[in-house]
Protein chains: 2
Amino acid sequence: MASIKDVAASAGVSVATVSRVLNGHPSVSADARERVLAAVAALGYRPNAVARSLRTDQTHTLGLVISDVLNPYFTELARSVEEEARALGYSVIIGNADERPELQDHHVRNLLDRRIDGLLVSPTDGGSPLMLDAIRAGTPMVFVDRWIPGVDVPVVRADGRAAVRDLVAHLYGLGHRRLAIIAGPAATTTGSERVEAFRAALAEYGLPLPDAYIGQGDFQAESGRRVTEGFLDLPEPPDVVFAADNLMALGALDAVRARGLRVPDDLALAAFDDIPWFVHTDPPVTAIAQPTGELGRAAVRALVDRIEGRTPRSVTLPARLVVRRSCGEPPTPSPVQRSTT
Amino acid sequence: MASIKDVAASAGVSVATVSRVLNGHPSVSADARERVLAAVAALGYRPNAVARSLRTDQTHTLGLVISDVLNPYFTELARSVEEEARALGYSVIIGNADERPELQDHHVRNLLDRRIDGLLVSPTDGGSPLMLDAIRAGTPMVFVDRWIPGVDVPVVRADGRAAVRDLVAHLYGLGHRRLAIIAGPAATTTGSERVEAFRAALAEYGLPLPDAYIGQGDFQAESGRRVTEGFLDLPEPPDVVFAADNLMALGALDAVRARGLRVPDDLALAAFDDIPWFVHTDPPVTAIAQPTGELGRAAVRALVDRIEGRTPRSVTLPARLVVRRSCGEPPTPSPVQRSTT
DNA sequence: CCTCCTCGTGGAATCGATTACATCCCTGCG
DNA sequence: CGCAGGGATGTAATCGATTCCACGAGGAGG
């Protein structure tokens, strides 16, 4: 592969001049510029990004470590992150942690070794020593969706509290009184926050949230299935389960179906995170939708602000309830937004 | 960030010795090795992958350019690719082409500039000049899922012909005679092959495939919707539509639902690519399942073989029919595999 | 006891870019 | 006509690693 030296030789100039032409430096004669450009075209020369990065100490690359690529929510997030990054002149390397802290560390280490300019993380746990070190060392970082409490890193996320309150209102209106939740890992902020929001909303209606109605999941489908089976085996099973993410809702659906029971008649279901498939499941699933694309874009903007020396801001956007049929018919005629499809 | 020089200074040895220790070169005294390791630990030193790559001309990185990250099939593919690559000591940079040739070129160029060791591509079109040049220049490359005819690049893919035949047998057995297909872009191999396999299978039953029953889609949900509406507007609408990928099937479902019609009574539906959600849609969707994980792993192995100087092999694995309820009840009692859930 | 290897080690070149600094030439002004 | 200033260009240092080569010390064999 042709290098800058080959171009210089072919154009009859020095490498410095070639570099100047390529970087738009003003003081280059029209003649030299022309010859260089011709040589570049003739040789099909492309600058070696590796060499450039070594010299400039910039890779124009962002790292994105997400909890689970198979989760459509994170897929959409990754997509919007890449789009916005591309628009700002950055590439993105995605690391999939699969909800496993040691895999998350693997990716963080790998990305750091590659000298990415900044890191976007949706932490799988409360923060490994590695991650804490990276923050302390000043690695530009932004948390997205989930975060690690107690560290000074901007956070871009959705606030689901109002939507959870709307959901509980909706459920209460439909006559449900025994509400259960499939929680995410307590080590994640989204895992614990969603339970707290749910508990607070229930309290407003004087409803309890007994321990037996809090199932411990791990944001994966299998745990949703297991927890739901546990709920159904209870002497007094809940009327509704609220899954803290879409994959656990899928697992819950599996479990209900495997028992030959029906949603919402035997057990109602709602989920955090809305995805296109929820429109077409049997029945369509009532869910809390996050502004996923906007979160991804805002996260990139914050990170690039930090990288380029501006002051990044934390961003919190509201989530909203999308009522479908999985909690009972007909939906209460309320000001709450209805699904359009 | 500490460099190899800092380590050398702190250990009281030369950079050459540090490098030898780090790379497991044999001729280093136990004493020196110990001092170097201590210095590495004390400084928290991590080798700069950028510098190393410049010198060794290897990045230990694979590029993966896929057609659409939002398509669960490709997400699963990406995941298995990353897993296998990691197991073999490589990282993966994913580029999402969004079914747009110019975006595909953007990513190929970007990956080439970063001097990735090899490229895994699921081409969105018949091959841009850029891609053809890269192949000619000897870039290690492997096609996965889709490929470009006429070039000497190993292909890892699933053969769906037998499964399509099984599907047509199933449909015929249920009494369907007017079968239509939502095709993918003709410029992609999977786009045209699936139509051909469908046409061939229909011919075995003496059924025609009129042009009006071939809808041109682009593998995205919206096109599935549009094409399905066209079918429904026909003076003689089809009994069944077969969508060439899962997203167009989703669009078809949307279209049917928007008209207040029902699957399978008013229009039966089958899809190429099986995904977890198809179990829970209303009704569960009959689909052709590819061995996605195995495809991803085989593709990585082929590419790494090529990179490390061994001879890569093309791989073709069979797809299989998974019967559910979207084409009618009850499924014919046939030797064909039934969905277990 | 001398020579020859081998082992451990350091010095320095190298990968492909960017960029500070030096140089040269030309123009404009006093 | 001479000198200052600025534009165009080249030389060389630099980024952080790897690796070839040379060198010194020490052990083995004659």
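Atom set for the values below is all heavy atoms of this structure, side chains included, hydrogens, waters and symmetry mates excluded. A, B, ... follow the sequence lines: proteins, then strands. Residue 1 opens every chain.
Of the N and O atoms on the side chains of A/Glu82 and B/Asn96, not one donor lies less than 3.5 Å from an acceptor on the other residue. Defined by atom type and a distance below 3.5 Å, a donor-acceptor pair is present between the side-chain atoms of A/Arg146 and A/Ser67. Looking only at atom types and distance, the side chain of A/Asp145 has a donor-acceptor partner in the side chain of A/Tyr73 under 3.5 Å away.
The pair A/Asp305-A/Arg301 does not count as a salt bridge, with every side-chain nitrogen at least 4.0 angstrom from each carboxylate oxygen.
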- Query: Can you give one letter per nucleotide of nucleotides 16-26 of chain D, going 5' to 3': B for a protein heavy atom under 4.0 Å from the base, S for sugar-phosphate only, - for none?
  - Reply: BBBBB------
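Proximity of A/Pro123 to A/Phe143: side-chain heavy atoms (C-beta onward) are separated by under 4.5 Å at one or more points. Residues A/Tyr90 and A/Val300 fail the side-chain proximity criterion, which asks for heavy atoms closer than 4.5 Å. B/Asn71 has its side chain within reach of B/Asp245: a pair of non-hydrogen atoms, C-beta onward, lies under 4.5 Å apart. A/Gln58 is not listed as a side-chain neighbour of A/Arg52, based on a closest heavy-atom distance of 4.5 Å or more.
Within residues 28-35 of chain A, the residues having any heavy atom under 4.0 Å from DNA chain D are, by residue number, A/Val28, A/Ser29, A/Ala32.
Summary of helix geometry: the two end axes of the helix from C/dC1-D/dG30 to C/dG30-D/dC1, each defined by five base pairs via their C1' atoms, are inclined to each other by 60° (rounded to 10°).
The backbone N or O of B/Ser19 lies less than 3.5 Å from a partner atom in the side chain of B/Asn23, making a donor-acceptor pair. Under the 3.5 Å distance criterion, the side-chain polar atoms of B/Asp218 are left unmatched by any main-chain donor or acceptor of B/Pro185.
Residue A/Ser14 places at least one side-chain N or O under 4.0 Å from the OP1 or OP2 atom of D/dG10.
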